[in-house]
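Below is one structure; the comments refer to it alone.
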2 protein chains.
Amino acid sequence: MVQVEGKHHADYTDFEAVHSREDVLEMLVMSYKSLSEGQDDWVCNLSNASSLLWHAYQSLNVNVNWSGFYITKRDKDDELLLGPFQGKVACQSILFGKGVCGTAASSQETQVVMDVNKFPDHIACDGETLSEIVVPIVSAEGKTLGVIDLDCLDYNGFGETDKKYLEELAQLIVETCNFLR
Amino acid sequence: MVQVEGKHHADYTDFEAVHSREDVLEMLVMSYKSLSEGQDDWVCNLSNASSLLWHAYQSLNVNVNWSGFYITKRDKDDELLLGPFQGKVACQSILFGKGVCGTAASSQETQVVMDVNKFPDHIACDGETLSEIVVPIVSAEGKTLGVIDLDCLDYNGFGETDKKYLEELAQLIVETCNFLR
């Protein structure tokens, strides 16, 4: 990436000056793009991405209590493993088709869940979570590489705007990350 | 890992009931041990470990602003790459010998730095960081696999107690994580 003079890496999480949800999420996507320039290590890129997600939503006063990734296990095509995240300790393994993350992984469709307790088969990593959005990361060949997962302490935490920008982020992740190593 | 009935994964970050620094850090080491049982994926284990570290120090009212890992690059023995962490966006790559992380990696000795601005060659990912501890993760064969890195917003954030328990954690990480895949 290009280092702007006098700018620290931590400054990329400074979303405070921007206000609307659209603007903050657009800035998040741009920041990910800049940080991943010349870097294809998925752990490195998704670790910074989970930090960008966390601080973007905090700046919007959305009560996000978990932001991060589950990644398809290398030697098992129907299981997700915990990837980089910010928030409290989480479940390590989720089968495709199980809960909100597993459903997004198997259907390859974004899940916007207004009330997780009404979602069949919901896996509660944290009993305090009330709503959730999960966006699949799908390769050009149609393989589910993983999912972006965000939890919220309020009902109806996420909607169409989040879906739009998080799907953009998922696409960028496909283009920038090498998941084979 | 063994799931205790009625206990959510997030509850592992509940350090509030414990008070002394020794007790909290001992509980952190035990929690890592329990969470990594039967799981050797290093991304998964270190993602949860960075959450345990973050919440342990928050519960002690230590102003930790970054807790996480840098991991030795697979195809390059003298470079660290950003691994899972909690906190603001961070530098992606650090050469062995450079700054506090690089010095811990090359010397294989824990660095307790009371004032980062007095450390020669300090790499500032976040201009607000004032003190730091970096603990090397060294394999049984003597290879540096990575480092544990904690930053603090105050001077003198870390001392001998932190060194003792974080070195225990580093040893456990060597025993539980497969870094080859």
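Remember, it's a predicted structure, so these values are computed and weren't measured experimentally. Letters A, B, ... are given to chains in the order of the sequence lines, protein chains preceding strands, and every chain is numbered from 1.
- Most heavy-atom pairs under 4.5 Å with chain B: of the set T13(A), V43(A), V89(A), I71(A), this distinction falls to V89(A).
- For R21(B) and D162(B), the salt-bridge test passes: some basic side-chain N is under 4.0 Å from an acidic carboxylate O.
- With chain B as the partner, the residue from N65(A), T129(A), N48(A), D126(A) showing the most heavy-atom pairs under 4.5 Å is N48(A).
- Ranked by heavy-atom pairs shorter than 4.5 Å toward chain B, the options G83(A), G87(A), S93(A) are led by G87(A).
- Taking the charged nitrogens against the carboxylate oxygens, E160(B) and K164(B) have no contact shorter than 4.0 Å, which rules out a salt bridge.
- No other option in A49(A), S31(A), G68(A), S47(A) has as many heavy-atom pairs under 4.5 Å with chain B as S47(A).
- Between C101(B) and Y70(B), the closest heavy-atom pair is SG-CD1, 4.0 Å.
- Under the 6.0 Å cut-off for aromatic ring centres, Y32(B) and Y165(B) do not qualify, their centroids lying 6.0 Å or more apart.
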